[in-house]
Amino acid sequence: MEFAEAIPVTFKEITPNHNIPEKWKEIVLNTGGTHSTLQDIKLSQKGGGYWYKDSIKANTRNRFLYWQTTSDAIELSEASLDVNLSGSNLRCKVAPGTPPLSNITAYERPAYREVVILAATVSSVHRLIFPHPESFDKKSTFGSMSTSSPSIFHDTSLVNNPNNYYILNQYSNATTGVAHTCASLLRDTGEAVFALAFGYGGEGGLLLVKLPVSGTAVTTVLKRESAVPRFLSGITGALRGKSGADGVETYGVALTNSFAIAVCGDTCLRAWSLDDGGAPVVVSSPLSQTLVRPKPPPHGHMLQKTTGSDGSIILVAYLSFPNECEFVVLKMLDGVAGTVKFSNICRLFGPQMDLLDYAIGYGDGTNVIWALWSQSDGETVITSSGVGAAAGWRAAAARAAAGALAPQPSHRHYRDRLLAPALFPPAVIRKALAIYRRTWGGNETSLDGDLGESAINAVQARIQHLTARSGSTDQSHLMHKCWSDLYSWCMQYMEGLQKPLGIIVSNHATDIESGWWCAVVRRAGISLVRELEPLEKLMLSPDTSLVDAGVDCERTSELSLSAEAVRVVAAGARWERAAGGGCAGAGAGAAGGAAELERRLFASNAPQHRLLPRLLHLLLAAPLSTDGAAEAQHPILTPQQVDELTSILEPIKDLQNAVLELNDALRLDVPEIDTTKNEDDEYNEYDNLFASDLGVSILTEAIRQMAEMRSRVVRGAVAALGAARGAGGVPGAGHCAVHWQAYRALLWLRAQSLQRPAAGSAEAFRLKLSALGAEPAAGACEAAGACAAESVVQAYARGAGGARARRHLAAARAPPHCHHALPLLAYHLAHQLWAVSGGFEFGWWLATINQPRLVQNYVAMLEPWCEWNACSRQFILGLSLLDTEDPEGAYTAFCKAAKGVSTEPFLRALVAAPHARLTQHHALVLYYMKVIKLFEIHDAGACVVRLAETAISIADKDDPNLAMFQWLVFKWHLSGGRVSRALAAAAASPAPHARAAAAATLLTTLARRKQLSALVSCAPLASEAERAAAARAKLHDPIGHNPYYDFLYALHISRHHYRKAAAVMYERAARCAAERGGSSEGGAGEGARRRWLAAALVCLRLARPEHAFLARPAPPASTAAVPALADAPAADGADRPAPASRYLQVIGPEELAAELRDEDPESMDPVQQALLKNEDIDFDKLYPYLKEADPETLLAVTKRILSTGQFMPHWFLQRYMEADGAGCARALLAGGRAAAAGAACAAAVRGALAALQPASPAAPRAAPLAAADLLRAELAPLAATDAYAAQVYNELDSLIKEYIQVVMRTSEDMKVARLQNAIVH
C-alpha cells in the first residue's frame, strides 16, 4: 500500500484562486559572479516564508512574507489576509551564473522598525533591509485602518548598500566547488551571520561569513577535523566508502546564537563556535547506522533547528538514503567548557519519496514537523507529525484534479465554464490564449478588453480556419475540440503554477499552544493547510478497519456524535468508495464516481419524494454505456457490497435517532448574538479580519470545501441507508434530502460569477432599491464589471456577509488569529449562504447587486424543495423579472410573495418597523404600496391597476391609503385611454382633495384628447370639475379655443342649469370685450363675443322666469344697481378686498338682447332693422322676409302696425294666422280691433274643423277656444250696436258650437271603434 494511502488523512489544503501577481518591482543585486568564473550552476527552485511575530497589532496581524528562488532571481512577496498590500512583489535579479541559495530567512527588528531578509547566492551574501509595517503609520489601529496598505517593499533604498552585501568569488574554485546550501542568522546587534556549505563531491567545506552593520565582513573557514580520535572517524568514513576524513561532505547547516551545526555525509553532527571558528567543538555519534552513501543535494541530508516549549534548541535532521529516509529529533544541551551535547528525542521514518522541503512549527503545545514530499508521478504529498514518543505521520488530503471539459451547447456556455470562479486566474487564461493563438498561427495578438470575448473570438477564428482547411460541417464537434484545446492549455499552465516549492510555519513562541497549521508556497502564490473537521476525517480516512473493529471511541467523542450516528457516516464513506469503483473509469476517485451518480440523479429533475428511489435505481441497475445501452456485466453496487453496508448498519438499535442526530450535526446553526453593542473601539480589531483579496479567496475556498464534504456525508448516508434498508426504510430521509440539496445549492453559488450588468440598467435598478429604502450593494457592480468576473460568494464575503460574520465573532470575542478565525468565519458565512438557515440576508444582498439572471436561477433552483423564505425569494424574483422586462411574471411572483408578509421576517421588516403593530390587512396594504412603486418605475400600468384594486378590496374603510390606491387606478386608466374606468376610480375616492386633483387631471387630459364630453356625464365629479374648470377657464384666452368654457357650458346645460350656463357665456363675452383691445384679433373677438352673448341669451330664455337674470358690474352712471356683496362687512370683521365695481346690475333677457343688438346693429335682418326705425313698414320690400318670419317677428310687426294705425295687408294677416292663429287673434284684440280679431279667430276655428274631417290631408290641431271665449265676451256688447260685430259674433259662436260637437262625436266614434276592434293578447 502506498505511504500516502496508509496514513490517516487529517489536513486539507486551501488553495485560493486570487490574481497571480503580474506587476513586479525589479532591482538588481550585486552578486559579483560572471560566466567566466561560474558556469552551468543549477540549483532547484525552493520557496519559503515568514509569518510576522505580533498577531495582535493591526499592521502585522495575519501578515506574512513568502519567497521563491529561480535561476536568476529571488522573488519576494508580502501578503495579508486582512488588508490589500500595494507594491507587494519585489524581484531581486542576480547576475547570470549566480543562482540564489534556497535557505532564505527573515527577521523583525521592532526597536529599529526594520524587517531584515538574509539571502545568499553561490557567490554572495546579502542583508536586505526594509521598513517594518509599523513604520508606515505609528498611530495605526484596527478601526482606523483602511482596506489597503503599502508593502514593506516600497522602499528598497538600503538593498544595495555596500555594508549589506559581500562577494564570495574567491571561495568558489574548481577544488572547493560552489555553495549548495546555507544557513543564516541575525544577531541582536544587527550583525548577519551566514554559514555556506561548499563543494559536494569535492573537498568542500563550511564558510562562515559575518556581515556587521558597518565595516568589513569577516570570513572564517570552519575545519571538519576535531578532537575526536581519528581512528573512530576513519572507521566510520571507511565504512561509507571514504578514503579519509577530508572526504566527508557537509549537507545541511543550522545556526544558533553561539554555534554553527552541520550534518555531514557520515550522519554526524558537527558544531563550531561562531566566535572562535577553527575546529568543531563537538562531533556527535552517527545518527544512523545505514552504511550506504546519502542522496546528493537537493535530496540529501538536511538540518533545521527550532525552539522548544522550554526555550531549548531543537534540531531536526533529515537523513536521506537511496532506499530509506528518516527524521532524527535531538535537543541541544550545554556541555562543559563551552561545548554542547545532543540528546536524542525521537526518530521518525519517512516514505520512499523525495523530500522537497520541511519545516518545524508548533501544534497543541508541542513541536511539529511538516514535510513536503514528491512522488514518482510528480504529485506532492504534505505530511505532519508531532515530536515525541507518540510521533506518527498524518497526511493532508490530495488535491482533486480538474475534470475534463464537458460538451456545451454554445460558445457562451464554454466561455462561462472557462471563466468559472476558482478555476483559472485571468493571468493563466491570457497566457493560454497567447499560446493557443501561436499554436495555429493566428494573426491577432491583442488581448485587451473582455477576456471572455477574447476567448470566443480566438476559438471562432480557429473554427473558421479548420472548416476552411478540412471542409468539416460538424460544428458542434469542432467547437468542442477547439475549446478543449484552449482548456487543456489553461490546465497545463495552471499545473506549472501549482508546483509546490516550500513550506511556511510560524515558529514564534506565542504559537506554541496554537493548532496544527502551515502554509505551502507555490509558483502561483500560497495555500493554507487546515485541520479537517471530524466528519471530514471519517470520510477521508483510509482506515478500512474502522467499522470492522468497532467504532473508535476517540473519534466518537471528537465528533460529538453517538456511536450509532458514526456508523451511519462510516457506511456512507464505504458506499462512496463502492460507488466510485463501480461507475468511474480507471484511476478515478471514489468521490468522483459518486459525484457522477449524483449528476445523473439530479439531471432527471426527480421530485423531492422521488430522489431516494431514483438514487437506488441508479445504484442497483447496470450502468449505461456510451451509446446509452445498459452494460451486461455488473450493476454499480453488487450484492456483496450491499451486504457489507447492511453489516455496518446492523448493530444500530435506533436508526431513526442516529439519522436525526446526524442531521443535527450537519445543520449549520449560529446562536443569536446581540451585535448592536459591538460599536466600541475594543471590537474594532475584527473590522478587517480576512478582508483582503487573499483572505476572501481563502474564506470562499474553505466554504466550498465545507459544503462539498458535508454534501458527501449526507449523500453517502442517504445512499447507504437506502441500499441497505430500501427506499421506504430510511427514517429521516426527507431531512437528509433537504440538507443534501442545501449543500448542493451552496456549491452552485460558489461556482456562479457576477456578470456585467446590462447597459443603462443601473439608474432604474437604483430607483427600485430606493423605493424599497435600500441602496445597491457596495463593490458588487464594480466586481461584475471587471475583466474577470468575481464569484458571487467572494463578493458577498467581501461585502455585507463578511461584515456580518465579523460582528458575530466580535460579539463572541473569538480569537482573531488566522487559523482560529478562519473556520469560524467560514462557518458563519456558510450559515448565511445556507438556504435552510432561516435568514434571508444573502437573498436580499443578491437582489441588490443588479444580477437578475442569477437571482432567477437561484430561486428556480431552490423553489422545488426549499420552504424556508419561499415568499421572500418570490419577492426578489419579482425584482429580477422587472429588470428583464417581464412585468407579468413579476406580478405573479409578487402576488405569491404577499402570502408571507405577516410570517416571514424579511417581508415584515420591508413594510414596517420591527416593533410596529399591524393587522394582516394593513401589512398587505403597505406591501402593495411598495410593489406598486416598483411597477411604476417600469411603467407597467396594467400591473399597477391590478395591485391597487387588490389593495382596495382588502383595505379597511378608514385606511388612509385608500385614496392613494384609487388615485393610482385612476391615473393608469386615464393614461391608458380607459376614460370611463378612470372616472369611476376618481369618483370612488373617499378623499375630497383626491377627487379635486383627479378632476383637474381629467380636465387637462381630456381637453387635450377632445374627450371632455365624458367628464360632462360624470355626475359624482361635477362639482369638483366645475371648480377646476372655472379656475382654468379664466387662465386661458377667451377668444380662441378655450375648452374649459365649453366644458362649463356643456356641464350646466346637461344639468339644466341654464342661468349658470348663461353666466359662463356672458363671462366669456365680457372677457372678449375687455381683452380684445386694439389687437389684430379684434374682428375675431367681436364675432366671438356676439356668439357668446347669443348663447347666453338663449340660455336665459330657456331658464325659468324666476331664474332668468344675470348680475354684472354696473356702469358708473347707473342708479338701478344694488350694492355689491363686498360692500357689506365681513362676518369676522375683517376687511374685504376692494371690488372692481361697487355695484352690481341685474339684467334679464331683454337687456341681454339689447346688448346683443347694440353690439352689431348691421348684423340684424331687414325686418328687425325696419322695426328699429320710426317709419311705416314697407310690406313690398319686406314681403320675402315676412313670408318666412317666425311668430315673434310677426308679433312685433303686428304691434307696430296697430300702434301706428298702418294698413295691414291681407296676405300678412293670413301668414300670421298660419304661423300662430291664436297669437294673431290675441294681438289684434290687444290692439283694439275686436271685430278683426273675431274674424281671425273664426278662420282659425274653421281651419281646425276642416282638419277634423276624415278625408282631410292636414293633421288635426286644436282650435283657439280660450281666445274665442275672450273674443265672444268682447264682441257681445258691440253686437247690439254694430252689425259687422254682430255678424262676426254669430259666426264665431256657431263655429265654436259646431267644433265642440264634432270633437265630441269624433271622440265617441274612436271609443266605439277601439272597443269593436280590440286586440286580445
Side-chain angles (χ1 to χ4, degrees), residues 3-4 7 9-16 44-52 64-69 74-79 81 101-106 117 119 181 183-184 252 254 298-299 301-307 314-318 320 325 327 329 348 350-351 353-363 366-375 379-387 391 393-399 497-508 511 514-531 694 698 818-819:
F3 173 78
I7 60 178
V9 178
T10 314
F11 307 98
K12 194 160 191 176
E13 192 176 354
I14 303 176
T15 305
S44 60
Q45 286 184 287
K46 286 294 184 71
Y50 172 78
W51 209 273
Y52 282 100
F64 53 93
L65 303 168
Y66 64 96
W67 51 78
Q68 48 189 297
T69 60
I74 301 173
E75 295 180 354
L76 302 173
S77 296
E78 186 181 22
L81 301 178
L101 301 178
S102 59
N103 291 30
I104 300 173
T105 55
I117 297 177
T181 189
S184 55
H299 302 300
H301 299 335
M302 304 180 193
L303 182 65
Q304 292 195 22
K305 61 97 177 178
T306 188
T307 304
I314 304 295
L315 297 175
V316 179
Y318 170 70
S320 176
C325 62
F327 289 90
V329 184
L348 192 65
M353 293 184 287
D354 292 331
L355 182 68
L356 298 179
D357 191 21
Y358 76 103
I360 302 96
Y362 298 106
T366 184
N367 294 102
V368 174
I369 300 174
W370 291 92
L372 180 64
W373 307 90
S374 175
Q375 300 183 118
E379 295 294 327
T380 56
V381 178
I382 301 172
T383 62
S384 179
S385 174
V387 172
W393 290 113
R394 296 187 288 178
R399 291 161 49 88
L497 293 175
Q498 292 297 335
K499 177 184 177 182
L501 302 176
I503 290 179
I504 310 175
V505 296
S506 177
N507 50 17
H508 304 305
D511 293 328
S514 299
W516 296 58
W517 68 277
C518 75
V520 179
V521 180
R522 298 179 179 273
R523 288 289 299 154
I526 70 153
S527 58
L528 297 183
V529 176
R530 64 171 178 87
E531 277 194 276
L694 176 61
I698 287 177
C818 68
H819 59 280

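Trp370 is linked by a ring-ring contact (aromatic ring centres under 6.0 Å, His included) to Phe11, counting only residues two or more places apart in sequence or in another chain. Partners of Thr181 by side chain to side chain donor-acceptor pair (under 3.5 Å), not counting sequence neighbours: none found.
The CH2 atom of Trp373 sits 6.0 Å away from atom OG1 of Thr383, with the distance rounded to the nearest 0.5 Å. Within the model, atoms CD of Glu13 and SG of Cys518 stand 8.0 Å from one another, a figure rounded to the nearest 0.5 Å. Taken to the nearest 0.5 Å, the CD1 atom of Ile104 stands 10.0 Å off from the CD atom of Gln68. If you take CG on Leu356 and OG on Ser374, they are separated by 5.0 Å, rounding to the nearest 0.5 Å. Taking CG of Leu372 as the reference point, atom CE of Met353 lies at 9.5 Å (rounded to 0.5 Å). Between atom OG1 of residue Thr10 and atom CD1 of residue Ile382 there is a gap of 12.5 Å, rounded to the nearest 0.5 Å.
Nearest heavy atoms, Val520 versus Pro500: CG1-CB, 3.9 Å. The two residues Ile503 and Ala359 have their closest heavy-atom pair at CG2-CB, 4.0 Å. Annotation for Ile14 and Ser527: closest pair O-CB, 3.1 Å, computed over non-hydrogen atoms. Nearest approach of Tyr362 to Ser506, heavy atoms of both residues: CD1-O, 3.6 Å. Between Gln45 and Thr69, the closest heavy-atom pair is CG-O, 3.1 Å. Of all heavy-atom pairs spanning Trp393 and Gly350, the tightest one is NE1-CA, 4.0 Å.
A 4.5 Å side-chain heavy-atom check between Gln304 and Asp357 finds at least one atom pair inside the cut-off. At least one side-chain heavy atom of Glu78 sits under 4.5 Å from a side-chain heavy atom of Leu65. Looking at Cys818 and Phe64, their side chains never come closer than 4.5 Å, going by heavy atoms from C-beta outward. Between Ile360 and Val505, every side-chain heavy-atom pair lies at or beyond the 4.5 Å cut-off. The shortest side-chain heavy-atom distance between Ile369 and Val387 falls under the 4.5 Å cut-off.
The aromatic rings of Tyr52 and Tyr50 sit perpendicular, their planes meeting at an angle over 60°, well past the 30° parallel limit. The aromatic rings of Phe327 and Tyr358 sit perpendicular, their planes meeting at an angle over 60°, well past the 30° parallel limit.
Side chain of Ser320 to backbone of His299: a donor-acceptor contact under 3.5 angstrom is found.
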